[in-house]
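Beneath this line is the structure, given in structure tokens, with notes to follow.
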Amino acid sequence: MIEKEAGKEPAEGGGGGSHRLGDAQEMRAVVLAGFGGLNKLRVTRKAMPEPQDGELKIRVKACGLNFIDLMVRQGNIDNPPKTPLVPGFECSGIVEALGDSVKGYEIGDRVMAFVNYNAWAEVVCTPVEFVYKIPDDMSFSEAAAFPMNFVTAYMMLFEVANLREGMSVLVHSAGGGVGQAVAQLCSTIPNVTVFGTASTFKHEAIKDSVTHLFDRNADYVQEVKRISAEGVDIVLDCLCGDNTGKGLSLLKPLGTYILYGSSNMVTGETKSFFSFAKSWWQVEKVNPIKLYEENKVIAGFSLLNLLFKQGRAGLIRGVVDKLLALYTQKKIKPVVDSLWALEEVRMLLFPRQRSLCSPGGFGQPNTTLY
């Protein structure tokens with residue numbers, strides 16, 4: 001947490017083209033000086049942003065850490081932005097200022113938000129369509145771990161794969177933020193069977209949320225077929241590589257395979273061409289005729305592209321409303337494993353140290369910076 005948990009804060013000061021709390025001109029932020037190793041990260045002071053038309057200024061209390069942030073650090077993404085940059089795509093905090101034309105929010109509102117980079121700072125500005133009020137009983141650390149994981153899980157299960165009663169789901173990295181969100185959302189639908197893969201040392205922490213749990217290095221295809229000879233209705237794959245072919249082979253007729261990450265391409269501190277090439281080479285080449293003959297569906301899902309490149313903020317707002325209703329009904333709840341200071345971010349962004357901060361793999365679940 002960047003600051004201690006708090007409720008609404010009273011407004012102070014103001015003036016100019018926006019309403020604001022205080023008038024500090026600088027803030028702390030995590031800056032990525034260049035793509036590569038941990039030595040490219042540092043905490044420094046930057047000029048504080050001010051909200052433009054249609055934006056909110058948020059005093060950040062906590063920000064989420066996701067696997068995509070590790071890939072950004074390495075430059076292991078399509079069309080990476082220029083450095084230096086401030087990483088981070090989600091945060092929670094208190095509204096500190098309102099840009100022109102912003103309606104529906106007040107200074108002091110407790111919110112969570114998506115940010116197109118720049119979340120790992122004491123203050124962020126982001127368009128109002130990416131900001132959501134949070135319930136009074138939701139902590140800032142929970143709110144910072146909520147948007148990416150639960151929206152991704154909900155969209156894949158209900159919008160893409162049409163999860164219904166009696167279906168079965170295989171999710172990789174079941175101990176990760178998205179994996180745990182998937183398990184919780186599946187529990188809201190009667191008689192859904194969840195198969196999950198995860199590293200053995202994580203099994204104890206997540207065994208109650210997954211129906212059948214397998215070691216990530218085991219022959220999970222045979223294990224699944226031993227339990228369900230027909231396979232599964234939905235496969236959620238954040239690994240890629242040879243898991244793509246395995247996932248497709250496990251699909252029942254009318255089943256859906258969804259790729260939402262490629263963590264197999266990240267194996268060390270810096271970008272590895274060998275890991276990228278190996279993972280790409282192992283991906284099974286999909287034959288559309290075979291999909292047609294076997295009645296199978298293959299899909300991809302990228303929440304950040306949907307939000308920031310494809311203009312679907314309205315759709316996502318409706319999903320967030322549904323998720324917050326489930327949270328209020330105590331049917332779902334982000335599991336916050338650990339809290340870290342901004343200055344400790346180097347430890348969190350080394351892939352082989354993920355177990356230090358959370359029980360999960362992809363999505364580095366519910367780990368927040370303060």
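Residue numbers count from 1 along this sequence. Predicted model only: the values in this text are computed from it and were never measured.
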Heavy-atom check, side chain of [X] versus side chain of [Y], under 4.5 Å:
X: Tyr257; Y: Leu250; answer: no
X: Ile134; Y: Val111; answer: no
X: Glu343; Y: Arg28; answer: yes
X: Val123; Y: Pro49; answer: yes
X: Leu323; Y: Leu185; answer: yes
X: Val320; Y: Pro147; answer: no
X: Val124; Y: Cys91; answer: yes
X: Leu239; Y: Arg216; answer: yes

For [X], give me all partners under side-chain contact (heavy atoms from CB on, under 4.5 Å), at least two apart in sequence or on another chain.
X: Thr211; answer: Thr193, Val194
X: Gln52; answer: Glu55
X: Thr126; answer: Ile58, Ala113, Val115, Phe130, Val131
X: Pro135; answer: Asp137, Met138, Leu324, Tyr327, Thr328

Is the backbone of [Y] close enough, under 3.5 Å, to the side chain of [X] for a donor and an acceptor to pair up by distance?
X: Asn66; Y: Asp69; value: no
X: Lys296; Y: Leu248; value: yes
X: Ser199; Y: Lys202; value: no
X: Asn149; Y: Phe146; value: no
X: Arg317; Y: Glu129; value: yes
X: Glu142; Y: Lys333; value: no
X: Asn287; Y: Ile289; value: yes
X: Trp120; Y: Gly64; value: yes

Results of ring pair (Phe, Tyr, Trp, His ring centres under 6.0 Å) for His212 - residues two or more places apart only:
Phe195

Apply ring pair (Phe, Tyr, Trp, His ring centres under 6.0 Å) to Tyr220 and list each qualifying residue two or more places apart in sequence or on a separate chain.
His172

Quick test of your reading of the model: are Glu50 and Lys57 salt-bridged, counting only N-O distances below 4.0 Å?
yes

Are any of the side-chain nitrogens in Arg226 or Glu223 under 4.0 Å away from the carboxylate oxygens of its partner?
yes

With [X] via salt bridge (Lys or Arg N to Asp or Glu O under 4.0 Å) - residues at least two apart:
X: Lys252; result: Asp233
X: Lys331; result: none
X: Lys133; result: Asp109

Can you name the nearest heavy-atom pair linking [X] to [Y], along with the distance?
X: Ala198; Y: Ala174; answer: CB-N, 4.3 Å
X: Tyr117; Y: Pro81; answer: OH-CD, 3.3 Å
X: Val169; Y: Cys186; answer: CG2-SG, 4.0 Å
X: Pro51; Y: Ala97; answer: CG-CB, 4.0 Å
X: Ser141; Y: Leu339; answer: CB-CD2, 3.6 Å
X: Phe140; Y: Ala62; answer: O-CB, 3.8 Å

Approximate separation, where rounding is to 0.5 Å, of [X] [atom1] and [Y] [atom2]:
X: Leu170; Y: Leu236; atom1: CG; atom2: CG; value: 7.5 Å
X: Gln222; Y: Ile227; atom1: CD; atom2: CD1; value: 11.5 Å
X: Asp215; Y: Thr197; atom1: CG; atom2: OG1; value: 8.5 Å
X: Asp100; Y: Asp53; atom1: CG; atom2: CG; value: 5.5 Å
X: Lys46; Y: Glu26; atom1: NZ; atom2: CD; value: 10.5 Å
X: Arg45; Y: Glu122; atom1: CZ; atom2: CD; value: 6.0 Å

Single-linkage hydrophobic cluster [X]~[Y], side-chain heavy atoms < 4.5 angstrom:
X: Leu65; Y: Val86; value: yes
X: Leu32; Y: Val43; value: yes
X: Leu251; Y: Ile298; value: yes
X: Leu291; Y: Leu259; value: yes
X: Val224; Y: Leu254; value: no

Identify all side-chain donor-acceptor contacts of residues 299-311 below 3.5 Å with residues at least two apart in sequence or on another chain.
{"residue": "Ser302", "atom": "OG", "partner": "Asn305", "partner atom": "N", "Å": "3.3"}
{"residue": "Ser302", "atom": "OG", "partner": "Asn305", "partner atom": "ND2", "Å": "3.3"}

Residues in side-chain hydrogen bond (donor to acceptor under 3.5 Å, both in side chains) contact with Asn295, at least two apart in sequence or another chain:
none

Considering only distance and modelled atom types, tabulate donor-acceptor pairs under 3.5 Å from the side chains of residues 150-165, sequence neighbours left out.
{"residue": "Thr152", "atom": "OG1", "partner": "Met148", "partner atom": "O", "Å": "2.6"}
{"residue": "Arg164", "atom": "NH1", "partner": "Asn162", "partner atom": "O", "Å": "3.0"}
{"residue": "Glu165", "atom": "OE2", "partner": "Asn191", "partner atom": "ND2", "Å": "3.4"}

Does Asp321 have more than 12 heavy atoms from other residues, nucleotides or ligands lying within 6.0 Å of its CG?
yes

List the steps, then state whether side chain to side chain contact (heavy atoms under 4.5 Å, CB included) holds for Met167 with Ile189.
CA-CA 9 Å; Met167 295 179 74; Ile189 305 297; over 6 Å; no

